[in-house]
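Working notes, beginning with the structure itself.
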Amino acid sequence: AANERKAASANVKNAKKAAEQEATEASEWSKGAKGNKKEAEEQKRQEQLAKKREAQRVLEEEEKTLKSKPAKPVKGEEKKAVKKTQKVEAFASEVKVVEEFSASNIDDALDLLTLTGSSTGGSGQAPITTGKGKDVDRHPERRFKAAFEAYKEREMPNLKKDHPGLRQNQMHDILYKQFQKSPENPFNQTNVIAYDANKQEEREHIETRKQDIANRLKA
């Protein structure tokens, strides 16, 4: 019985010792785990700081680069600069040798004005003209009646004086035939163009007319 009590007592001591040892090991493991967690957190914090410092460095480098470059003009100013350059280039491309012309009457003088003005029409400049203050005439028939009446009123007294025996309708017929060949007839004007002519045909007509005027009035 005594031996059994000793054995039981020894078992209790051993169990208690084993429990204490297990508790000690558990405590040490817990401390180690906490230490590892802190180390991981510290490592993560350091990585975040490194990323922030790198981002700041990149931003500073970009700012230095931008400061070293000349400032670009704002969009509106850039457009104005481009337009100004285009105007200068257009003007330079149109510079021609100045030629001398002569005009002996009022019609020639009016035609001469078409050569001394702008020659490009449709681009913000004065339109091309073919004389007499009008560029092209697509409907000369609209002016025919009034033009003939003015011509007849002016020429009728001369016709009556030269041919007093003619009747009114005869004089009308004579003046009408004369008017067909008169430069005052709207259909005989050099700026007459077909009513359905396109823009290209219109420009070609105008340029041809201008060249004819230049050739005729050259000194």
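- With sequence neighbours left out, Gln200 forms a side-chain contact (heavy atoms from CB on, under 4.5 Å) with Asn198, Glu204.
- Pairs engaging residues 161-178 under the salt bridge (charged side-chain N to carboxylate O under 4.0 Å, His left out) rule: none recorded [sequence neighbours left out].
- For Glu63, the side chain to side chain donor-acceptor pair (under 3.5 Å) test picks out no residue, with sequence neighbours left out.
- Within a 6.0 Å radius of CD in Glu22, other residues, nucleotides and ligands contribute 12 heavy atoms or fewer.
- Atom NE2 of His205 sits about 11.0 Å away from atom CD of Glu207, to the nearest 0.5 Å.
- Note on Phe187: it clusters hydrophobically with Tyr151, by side-chain heavy-atom contacts below 4.5 Å among ILVMFWY residues.
- To the nearest 0.5 Å, atom CD of residue Glu155 and atom NZ of residue Lys160 are 13.0 Å apart.
- Not counting sequence neighbours, the partners of Tyr176 by the side-chain contact (heavy atoms from CB on, under 4.5 Å) test are Phe144, Phe148, Gln180.
- Evaluation of the side-chain contact (heavy atoms from CB on, under 4.5 Å) rule for Glu153 yields no partner, not counting sequence neighbours.
- By the side chain to side chain donor-acceptor pair (under 3.5 Å) test, Arg142 is found to be paired with no residue, residues two or more places apart in sequence or in another chain being considered.
- Residues satisfying the salt bridge (Lys or Arg N to Asp or Glu O under 4.0 Å) criterion with Lys152, sequence neighbours excluded, are Glu149.
- A distance-only check finds no donor-acceptor pair linking the side chain of Asp137 to the backbone of Asn191 [under 3.5 Å].
- Partners of Glu62 under the side chain to side chain donor-acceptor pair (under 3.5 Å) rule, at least two apart in sequence or in another chain, do not exist in this structure.
- Residues passing the salt bridge (Lys or Arg N to Asp or Glu O under 4.0 Å) test with Arg53, sequence neighbours excluded: none.
- One finds the NE2 atom of His163 at 10.5 Å from the CE atom of Met171 (value rounded to the nearest 0.5 Å).
- Scored by the side chain to side chain donor-acceptor pair (under 3.5 Å) test, Glu184 finds Arg154 as partners (sequence neighbours excluded).
- Atom CD of residue Glu201 and atom CG of residue Asp196 lie 7.5 Å apart, to the nearest 0.5 angstrom.
- Looking at residues two or more places apart in sequence or on another chain, you find a side-chain contact (heavy atoms from CB on, under 4.5 Å) between Arg57 and Glu54, Glu61.
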